Each structure stands twice: as C-alpha cells, then as structure tokens.
Amino acid sequence: MPEPSAADRQPVPPPAMAARISKEDINLLPLGSWEGPVVVVQRVDGLRPALARLTGADLLGFDTETRPAFRKGQSFPPSLLQLATADEVFLFQLNRVGLPGALLRLLGDPAVVKAGVGLDFDLKSLQDLRPFQPRGFVDLARVARQKGIRNNGLRGLAAAVCGIRISKSARTTNWANDLLTPQQIRYAATDAWIGRELFLRLDSLPDRPRD
C-alpha cells in the first residue's frame with residue numbers, strides 16, 4: 001500500500017504521556033501565536049508602569065532574544081527580555097533600558113514562577129549584563145521529561161503539549177534593532193506566552209511512572 005501524502009495525513013493530537021512528535025507531524029499542526037496585547041518597553045520611563053502591571057503575578061512565561069552571530073567567535077548580549085502574564089506580554093528592550101533593580105528583583109523572586117526553555121543560556125547571558133541571583137525559574141524541558149514527553153525544544157513542546165505549531169521564522173533576525181518589526185514582536189511575545197501555557201498544561205499531567 002502506498003504511503004499517504006502529506007495532504008492526506010492528519011495532525012497528531014497532543015499526547016497525555018507521549019513519544020516524540022516528529023518535525024513532519026509538527027508541520028501538519030495549525031499555526032498558533034499570541035494574539036493579545038503586547039507592551040514593548042523601549043524607554044526608561046516605561047519601566048515603572050510595566051513592572052507595576054507585572055506585580056502580583058505568580059506565574060510568568062519567560063524568554064530572551066539575542067542578535068544572531070554569523071562569524072566564529074562573535075557573540076552579542078541579549079537584546080530582549082520577554083515576560084508573559086495571563087493577559088499581556090511585556091518585551092523589555094535591554095539595549096535601551098538595561099536591567100534595572102526592580103526588574104532584577106522580579107527575576108530573583110522565588111514566589112514568582114518564571115517558566116521557559118533553555119534557561120541556562122538565557123540566565124547566564126542576563127547575569128553577564130548585571131549580576132543577580134535567579135530564583136523561581138522552571139525549565140519546561142525538564143518538567144516534560146518527568147511527564148514522559150521526549151520533545152525538549154520550545155517548538156516541539158508546543159506541538160506535543162498544546163497541539164500547535166509556533167513559527168520560528170524570526171529567530172535569526174536582528175534583535176538589537178531599535179525598532180522591532182511586527183513579525184519580531186509577535187514572535188517574541190509568542191515564545192513567552194507559550195512558556196506560561198506549557199507550564200499550566202504540564203502541571204496538570206501526571207509524572208511518568210518510574211521503571
């Protein structure tokens with residue numbers, strides 16, 4: 001019997017306790033993105049109102065974006081810090097507003113869960129900008145493994161847990177630009193939003209039974 005074409009195949013439903021979802025099956029899933037309000041903080045006088053709206057949240061989606069390096073030995077500091085509440089996503093342009101004390105206190109607050117993927121690199125990059133002690137961070141890839149899910153990147157976890165495909169088309173754009181494009185804003189907001197959504201969904205799944 002011939003193999004079904006891509007057009008005939010159906011998207012794989014998100015599993016409760018699943019094996020890895022392949023790239024081919026991820027590409028069959030519907031595209032998902034954050035469609036709510038996004039606040040881009042690009043001026044120092046925008047920090048206080050943004051942080052005031054983050055105060056009181058007990059769970060935030062977290063991510064950073066860095067200008068890509070295309071030459072050996074070249075590297076750049078993080079350009080963007082994203083934090084998502086249930087209702088809004090905040091994008092802090094670090095090359096314009098820095099890492100103020102109030103923002104560092106939020107990143108060091110153990111009572112506020114900050115959920116994301118690839119946290120070691122993100123946090124080390126932020127600490128290189130200004131030393132602080134990160135607390136309250138949850139690596140979603142580690143949580144997913146405890147639930148029996150073998151995808152570990154943000155795109156794979158979004159597919160396995162939420163049943164959606166998130167775009168990575170803006171990943172290698174220049175995040176150090178003073179003015180972000182609408183595509184960059186949506187991309188960055190989606191990465192933070194999906195981190196929060198993944199935490200909530202993974203938290204509701206049972207741990208994988210130990211052998």
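Quick caveat, the model's predicted, so the values are computed rather than measured.
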statement: So salt bridge (Lys or Arg N to Asp or Glu O under 4.0 Å) across residues 114-125, not counting sequence neighbours, yields D120-R142, K124-D128
- prompt: Should L126 and L94 count as side-chain neighbours, where that means a heavy-atom distance under 4.5 Å?
  reply: yes
query: Is there side-chain contact between V138 and V143, with heavy atoms separated by less than 4.5 Å?
result: yes
field: Partner residues of R43 under the salt bridge (charged side-chain N to carboxylate O under 4.0 Å, His left out) criterion, sequence neighbours left out
entry: D45
message: Applying a strict under-4.5 Å side-chain criterion to I, L, V, M, F, W and Y, I'd like to know whether V89 and L198 cluster together.
response: yes
Considering all heavy atoms, the nearest R201-V161 contact: CB-CG1, 3.6 Å
Euclidean distance, R150 CZ relative to L157 CG, rounded to 0.5 Å: 13.0 Å
Cationic N near anionic O, under 4.0 Å, D191 to K168: yes
task: Report yes if some heavy atom in the side chain of S167 is under 4.5 Å from a heavy atom in the side chain of Q183; otherwise report no.
output: no
message: Rounded at 0.5 Å granularity, tell me how far CD1 in I21 sits from CD1 in I149.
response: 8.5 Å
field: All pairs passing ring-ring contact (aromatic ring centres under 6.0 Å, His included) where residues 131-168 contributes a residue, at least two apart
entry: F62-F137
message: Please find the pair of heavy atoms, one from Q82 and one from A192, that lie closest to each other, and give the distance.
response: CB-CB, 3.6 Å
- prompt: Can you find a heavy atom in the side chain of P78 that is under 4.5 Å from one in the side chain of E65?
  reply: no
query: Which residues pass the salt bridge (charged side-chain N to carboxylate O under 4.0 Å, His left out) test with R171, sequence neighbours left out?
result: none
task: Calculate, to the nearest 0.5 Å, the distance between atoms CG and CG belonging to L140 and L154 respectively.
output: 7.5 Å
- request: Measure the spacing between CD1 of I164 and CD1 of I26 and express it to the nearest 0.5 Å.
  value: 11.5 Å
- request: Say whether Q184 and T173, considering side chains only, have a donor N or O and an acceptor N or O under 3.5 Å apart.
  value: yes
- prompt: Do you know which two heavy atoms are closest between N174 and A176, and how far apart they sit?
  reply: OD1-N, 2.9 Å
task: Keeping to residues at least two apart or across chains, list the ring-ring contact (aromatic ring centres under 6.0 Å, His included) pairs with something in residues 148-184.
output: W175-Y187
- prompt: Is I194 reachable from V117 through a run of hydrophobic residues whose side-chain heavy atoms are each under 4.5 Å from the next?
  reply: yes
message: Take a 6.0 Å sphere around CZ of F121 and say whether it holds more than 12 heavy atoms from other residues, nucleotides or ligands.
response: no
Distance-only donor-acceptor hits, side chain of residues 96-113, under 3.5 Å, sequence neighbours excluded:
from: R96; atom 1: NE; to: Q42; atom 2: O; distance (Å): 3.4
from: R96; atom 1: NH1; to: D178; atom 2: O; distance (Å): 3.3
from: D109; atom 1: OD1; to: A111; atom 2: N; distance (Å): 2.9

task: Measure the spacing between CG of L180 and CG of L80 and express it to the nearest 0.5 Å.
output: 6.0 Å
message: Checking side chain to side chain contact (heavy atoms under 4.5 Å, CB included) between F90 and each of L47, L51, L54, which is the one that passes?
response: L54
- prompt: Got a second to check how far F76's CZ is from S125's OG, nearest 0.5 Å?
  reply: 13.0 Å
message: Around atom CG of L179, are there more than 12 heavy atoms from other residues, nucleotides or ligands closer than 6.0 Å?
response: no
Nearest heavy atoms of S79 and N95, plus distance in Å: O-OD1, 3.5 Å
task: Taking salt bridge (charged side-chain N to carboxylate O under 4.0 Å, His left out) as the test, write out the residues that go with D58, two or more places apart.
output: none
- prompt: In chain order, what residues pass the side chain to side chain donor-acceptor pair (under 3.5 Å) check against R53, with sequence neighbours excluded?
  reply: E88
- line: Closest non-hydrogen atoms of G32 and I166, given as atom of the first, atom of the second and distance, are O-CG2, 3.7 Å
Identify every side-chain donor-acceptor pair in residues 33-41 under 3.5 Å, counting partners at least two apart or on other chains, and give the distances.
from: S33; atom 1: OG; to: E35; atom 2: OE2; distance (Å): 2.7
from: W34; atom 1: NE1; to: G36; atom 2: O; distance (Å): 3.1
from: W34; atom 1: NE1; to: P37; atom 2: O; distance (Å): 3.1
from: E35; atom 1: OE1; to: R186; atom 2: NH2; distance (Å): 3.4

Derivation and outcome, side chain to side chain contact (heavy atoms under 4.5 Å, CB included), residues L123 and T64: CA-CA 9 Å; L123 294 176; T64 70; over 6 Å; no
- prompt: Which atoms form the tightest heavy-atom contact between P77 and L129, and what is the distance?
  reply: CB-CD2, 3.8 Å
message: Taking side chain to side chain donor-acceptor pair (under 3.5 Å) as the definition, give me every residue that meets it alongside R155, ordered by chain and number, with sequence neighbours left out.
response: N27
- request: State which residues pass side chain to side chain donor-acceptor pair (under 3.5 Å) with D203; sequence neighbours excluded, sorted by chain then number.
  value: none
task: Report the residues that fulfil ring-ring contact (aromatic ring centres under 6.0 Å, His included) with F92, sequence neighbours left out, ordered by chain and then residue number.
output: none
